[in-house]
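Inspection log for the structure reproduced underneath, given as structure tokens.
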Amino acid sequence: MKILPVSFYQRENVFQIARELLGKVVVTKWNKVITSGRIVEVEAYNGVIDKASHAFGGRRTARNEVMYAEGGVAYVYLCYGIHHLFNVVTNAEEEPHAILIRALEPIKGIDEMLRRVGKEKSDHTLTRGPGNLSKALGIFTSHSGNSLQSKKLYIAEDRISFSKMEIIASPRIGVGYAGKDALLPYRFYIIGNPFVSGKPK
DNA sequence: GAGTAGATCCTCT
DNA sequence: GAGGATCTACTCA
């Protein structure tokens with residue numbers, strides 16, 4: 001497997017990147033323990049013009065400063081005081097685009113993930129939903145700003161790619177406060193995958 | 001199966 | 001001082 005180069009992230013079309021991230025593999029390696037999973041669901045956040053984005057209207061705070069960095073770094077923040085949400089920053093410096101990783105299909109280190117989450121056995125809830133997958137992979141807000149080129153946290157290319165037929169675009173989840181922008185089809189997922197959040201089939 | 005309340009704390013106003 | 005890019009468990013049917 002090959003680590004995705006920064007040129008993958010540093011492109012203008014965040015939706016294109018989001019689609020291409022489906023099927024890629026997120027890998028974390030903390031203290032020599034590897035956990036990884038294949039991306040099956042993402043959401044795109046389209047910079048300053050997107051009401052659902054933390055960077056809407058050019059808002060810039062200590063928390064979202066990372067979004068203004070050049071593409072290829074992690075943006076992690078705490079939601080509802082409980083959940084760590086893992087995002088990937090894209091595009092150039094000063095263009096605060098980001099892609100939220102919403103669901104993974106576990107590949108390596110499932111035992112370790114179970115231990116982190118406190119479960120006995122593996123099921124489809126292990127890495128379903130952004131809060132759960134961050135916990136399973138051991139990603140915390142302290143990793144915000146980390147480069148995705150590091151050996152500890154990165155996204156890699158796998159042989160597998162999904163065809164357009166298998167990818168569904170739909171409105172994003174949990175962004176009702178964004179008004180009209182909440183209806184935009186900026187969420188992409190693999191059709192029929194049990195790890196995709198929301199209603200099972 | 002569907003709907004809802006509660007957890008819980010950092011961040012911005 | 002309010003609220004959030006969520007999740008789980010519990011209720012009611």
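On a predicted model such as this, the values are computed, not experimentally measured, just so you know. A note on names: the letters A, B, ... follow the listed sequences, proteins ahead of strands, and every chain is numbered from 1.
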For this session: Check A/V14 against A/Y45 and note the closest heavy-atom contact, atom names and distance.
Result: CG2-O, 4.4 Å
Exercise. Does A/Y154 sit in a hydrophobic cluster with other residues, and if so which ones, taking ILVMFWY side chains as linked at heavy-atom separations under 4.5 Å, directly or through other members?
Worked result: A/M1, A/I3, A/V25, A/V27, A/I34, A/I107
Exercise. Any side-chain heavy atom of A/I39 within less than 4.5 Å of one from A/L104?
Worked result: yes
Problem set entry | Ring-face cation contact, A/F8 with A/R11, 6.0 Å cut, 45° max | yes
Exercise. What integer number of Å spans the P atoms of C/dG3 and B/dA5?
Worked result: 16 Å
Give the table of side-chain donor-acceptor pairs shorter than 3.5 Å for residues 67-84 of chain A, with sequence neighbours excluded, one pair per line with atom names and distance.
from	atom 1	to	atom 2	distance (Å)
A/Y68	OH	A/G58	O	3.2
A/Y68	OH	A/R59	O	2.6
A/Y75	OH	A/H54	ND1	2.9
A/H84	ND1	A/T141	N	3.2

Seminar exercise, completed: Residues at least two apart in sequence or cross-chain that pass ring-ring contact (aromatic ring centres under 6.0 Å, His included) with A/F188, listed by chain then number, are none
For this session: Check the pair A/R60, A/E94 against salt bridge (charged side-chain N to carboxylate O under 4.0 Å, His left out), reporting the backbone distance first and the verdict last.
Result: CA-CA 10 Å; A/R60 190 162 188 157; A/E94 300 302 318; 2.9 Å; yes
Exercise. Contact class for A/N87 (heavy atom, under 4.0 Å): base, sugar-phosphate, or nothing?
Worked result: base
Problem set entry | First and last nucleotide of DNA chain C, 5' to 3', lying under 4.0 Å from heavy atoms of chain A | C/dG4 to C/dT8
Exercise. Counting only N and O atoms by type, is there a donor-acceptor contact under 3.5 Å from the side chain of A/T28 to the main-chain atoms of A/L137?
Worked result: yes
Exercise. Just by distance, do the side chain of A/R187 and the backbone of A/E43 share a donor-acceptor pair under 3.5 Å?
Worked result: no
Seminar exercise, completed: For A/G47 and A/S53 the tightest heavy-atom approach is O-CB, 3.7 Å
Seminar exercise, completed: Given Watson-Crick and G-U pairs under 3.5 Å, DNA chain B in dot-bracket ([ ] crossing, | other strand) is |||||||.||||.
For this session: Take nucleotides 7-13 of chain B nucleotide by nucleotide from the 5' end and write B, S or -, depending on whether a protein heavy atom sits under 4.0 Å from the base, only from the sugar-phosphate, or from neither.
Result: BBBSSSS
